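Residue numbering restarts at 1 for every chain, and letters A, B, ... go by the order of the sequence lines. The model shown is predicted, which means the values in this text are computed figures rather than measured ones.
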Amino acid sequence: MEDIVSLAKRRGFIYPGSDIYGGLSGTYDYGPLGTLLKRNLISQWLKFFVDGWADMYQIDSAILMNPKVWQASGHADTFSDPLVECGNCHSRLRADHVDKNKCPVCGKENTFGEARQFNMMFKTSVGPVDDEASTAYLRPETAQGMFVNFKNVVDTFSPNIPFGIAQVGRAFRNEISPRDFLFRTREFEIMEFEYFLHPSQWEEKFDKWRKDMHSWFKHIGLPEDKIKEAEVPAEDRAHYSKRTIDFLYDFPSLGFDEVGGLAYRTDFDLKNHQEHSGKDMNYRPKDGSEPFIPHVIEPTFGVDRNFLAVLSNSYMQDEVEGEKRVYLKLPKELAPVKVAVFPLLKNKPELVAKAREVYKSLQKSVDGEVMWDDNGNIGKRYRRQDEIGTPYCVTVDFDTLVDETVTVRNRDTTEQERKKITELSF
RNA sequence: GCGGGAUUAGUAUAGCGGUAGUACGUUUGCUUCCCAAGCAAGAGGUACGAGUUCAACUCUCGUAUCCCGCACCA
């Protein structure tokens with residue numbers, strides 16, 4: 001994991017947040033290559049789950065929401081816990097989970113002080129006056145954006161049920177202790193959708209999405225034996241969930257930990273919003289059958305955790321001609337740079353000019369980033385591209401000037417192939 | 001939040017109460033006909049703030065961040 005963190009900074013994937021001021025706990029910034037990789041990840045996800053499906057509607061809802069939303073969703077109650085601290089061993093525990101007179105950690109009696117409120121939601125003020133009435137929260141999950149727009153989407157598109165509302169966006173949680181690089185941060189991105197259906201269908205669809213989630217992890221290159229399911233027992237489930245499966249990836253040094261989840265949220269959210277807002281959340285089937293409040297299956301993925309899983313999983317070391325080589329074996333669709341172009345020698349103007357020409361034409365034809373490099377020698381450039389996971393390198397040499405062919409070098413095999421410029425496609 | 005450890009250049013690391021070094025990377029020039037070659041020159045650092053001292057990167061305290069445990073993690 002340390003190697004990955006170091007490479008991430010050195011090569012411009014991930015920097016510590018607010019770096020020049022000593023950082024800010026639980027925040028990281030995506031550098032140019034990290035941003036490209038994340039963008040590709042999200043775009044693949046949209047292709048996989050949203051685009052091309054007639055029954056999927058993507059939205060992008062506001063991070064600031066009416067505080068009543070969090071009343072209805074239950075977060076106002078459950079994200080805010082009274083904590084007590086033991087005066088002897090300094091353990092912090094939920095006041096409603098412990099015997100007031102005896103600390104379960106150190107066993108001493110009568111050591112607890114006053115209970116203090118701890119709120120996992122980030123608080124802010126809407127408008128210039130900071131008072132009770134202006135208090136708002138940064139959303140602790142993106143799901144409520146879909147629920148509060150359920151009626152809007154139904155009214156505008158009259159979809160046939162089942163259908164889904166999808167969203168990719170940031171959420172914020174004031175974690176007590178952010179940890180493990182990108183794994184637990186206070187600001188993070190989620191890709192998820194709410195799939196609305198008749199309650200009679202939930203088991204069938206739950207199973208369908210469960211399979212599709214496995215296909216997704218396979219699609220982004222995570223091997224089957226590194227993905228594990230964990231059925232979440234009732235006492236550990238979220239307040240809204242009747243069944244939850246966590247999907248765990250085997251991270252280096254962390255071990256198996258969550259990269260996605262599948263929850264059956266029942267009609268908990270829509271029913272509560274109906275109650276709190278007074279709006280009718282019933283879906284009226286077009287065949288005239290009984291209106292009902294739809295139930296919801298929610299497949300959810302942490303963007304940053306999927307990113308970290310992909311990065312960890314692709315980190316490879318091998319040897320080429322006795323020299324150690326580090327490369328990122330990223331799936332082609334995810335690689336931040338699709339292809340790099342070099343002149344074999346940079347002090348031969350005719351090679352540089354020809355390579356420039358190839359570079360410019362590839363910039364037009366390739367869907368994704370094309371990188372130019374004429375630094376050092378050819379071997380260094382290959383290694384540099386290996387380290388950022390570029391699947392192919394194109395080298396222009398003296399033969400190119402004669403026969404319009406170039407060398408295409410493969411990242412994973414390091415093998416080279418001679419190809420006509422006109423036949424290049426990546 | 002608690003307890004312990006750490007923090008020296010972009011990265012990885014030496015070192016010392018008295019001018020901060022190495023490797024790789026990086027910049028410029030030369031050279032080089034396919035996997036980190038070579039030559040020359042250059043830029044870049046003691047996390048932040050106090051204190052002790054003639055003098056602090058070094059010792060002390062505080063702050064921040066990271067790592068390891070605990071707790072938390074809807």
Side-chain angles (χ1 to χ4, degrees), chain A residues 1-3 5-12 15-28 31 73-75 77-81 83-94 97-98 103-106 116 118 120-121 140-141 143 171 173-181 183-186 232 235-241 244 246 253 257-258 261 263 265 268 298 300 319-327 342-348 351 375-387 393-401 406-409 411 414-416 418:
Chain A
M1 187 57 98
E2 278 173 22
D3 292 340
V5 175
S6 157
L7 181 140
K9 181 164 189 200
R10 186 158 39 88
R11 290 301 187 199
Y15 307 122
S18 313
D19 203 8
I20 63 169
Y21 289 102
L24 177 67
S25 174
T27 61
Y28 287 92
S73 72
H75 288 84
D77 293 332
T78 58
F79 260 62
S80 180
D81 297 317
L83 297 182
V84 288
E85 183 171 338
C86 171
N88 180 51
C89 67
H90 301 292
S91 301
R92 289 202 150 200
L93 303 155
R94 279 177 61 159
H97 282 191
V98 296
C103 174
V105 177
C106 65
R116 285 194 308 181
F118 188 86
M120 292 272 292
M121 289 197 287
E141 63 169 29
R173 282 180 200 169
N174 204 355
E175 296 284 354
I176 294 172
S177 58
R179 231 359 110 88
D180 302 323
F181 196 37
F183 190 81
R184 177 166 292 114
T185 52
R186 293 201 163 107
V232 181
E235 62 271 26
D236 294 339
R237 280 199 293 262
H239 59 275
Y240 50 71
S241 174
T244 299
D246 284 344
S253 50
D257 220 329
E258 191 179 349
R265 290 180 84 129
F268 178 91
E298 177 194 74
T300 179
E319 285 199 2
V320 175
E321 295 170 13
E323 295 279 351
K324 250 175 65 182
R325 178 174 83 115
V326 169
Y327 67 108
F342 323 137
L344 180 59
L345 298 172
K346 74 168 165 186
N347 63 347
K348 298 286 183 284
L351 286 185
N375 192 353
N377 62 51
I378 191 81
K380 283 189 184 183
R381 295 178 213 151
Y382 284 148
R383 296 303 172 83
R384 196 169 11 235
Q385 295 302 325
D386 284 341
E387 242 188 354
C393 296
V394 168
T395 301
V396 167
D397 58 24
F398 292 99
D399 291 342
T400 312
L401 303 175
V406 291
T407 310
V408 178
R409 183 262 196 185
R411 175 195 66 199
T414 76
E415 274 163 18
Q416 310 185 32
R418 201 77 202 170

Subject >> Pro343(A) backbone acceptor or donor facing Arg381(A) side chain under 3.5 Å >> reply: yes

Subject >> Distance under 6.0 Å and angle within 45° of ring axis: Arg325(A) vs Tyr327(A) >> reply: yes

Sugar-phosphate, base or nothing in reach of [X], heavy atoms under 4.0 Å:
| X | answer |
| --- | --- |
| Ser25(A) | sugar-phosphate |
| Arg409(A) | base |
| Arg179(A) | base |
| Ser6(A) | sugar-phosphate |
| Gly26(A) | sugar-phosphate |
| Phe181(A) | sugar-phosphate |

Subject >> 5′-ward residue of the pair Arg186(A)/Arg237(A) relative to RNA chain B >> reply: Arg186(A)

Original post:
Taking side chain as C-beta onward, heavy atoms only, is Tyr382(A) less than 4.5 Å from Gln416(A)?
Top reply: yes

[atom1] atom, [N] versus [M]: distance in rounded Å?
| N | M | atom1 | answer |
| --- | --- | --- | --- |
| C48(B) | A56(B) | C1' | 15 Å |
| C35(B) | U19(B) | P | 46 Å |
| A9(B) | G45(B) | P | 10 Å |
| U63(B) | G10(B) | C1' | 26 Å |
| G49(B) | U26(B) | C1' | 32 Å |
| A43(B) | A36(B) | P | 29 Å |

Original post:
Taking a pair as Watson-Crick (N1 to N3 plus N6-O4 or O6-N4) or G-U wobble (N1-O2 and O6-N3), both under 3.5 Å, which stems of 3 or more consecutive pairs involve RNA chain B?
Top reply: B:1-7 with B:64-70, B:10-13 with B:21-24, B:26-30 with B:38-42, B:47-51 with B:59-63

Original post:
Hey, does the side chain of Lys380(A) come within less than 4.0 Å of G25(B)'s phosphate (OP1/OP2), counting only N and O?
Top reply: yes

Write out a two-atom table: protein N or O, nucleotide N or O from nucleotides 27-31 of chain B, distance below 3.5 Å.
| residue | atom | partner | partner atom | Å |
| --- | --- | --- | --- | --- |
| U27(B) | OP2 | Asn375(A) | ND2 | 2.8 |

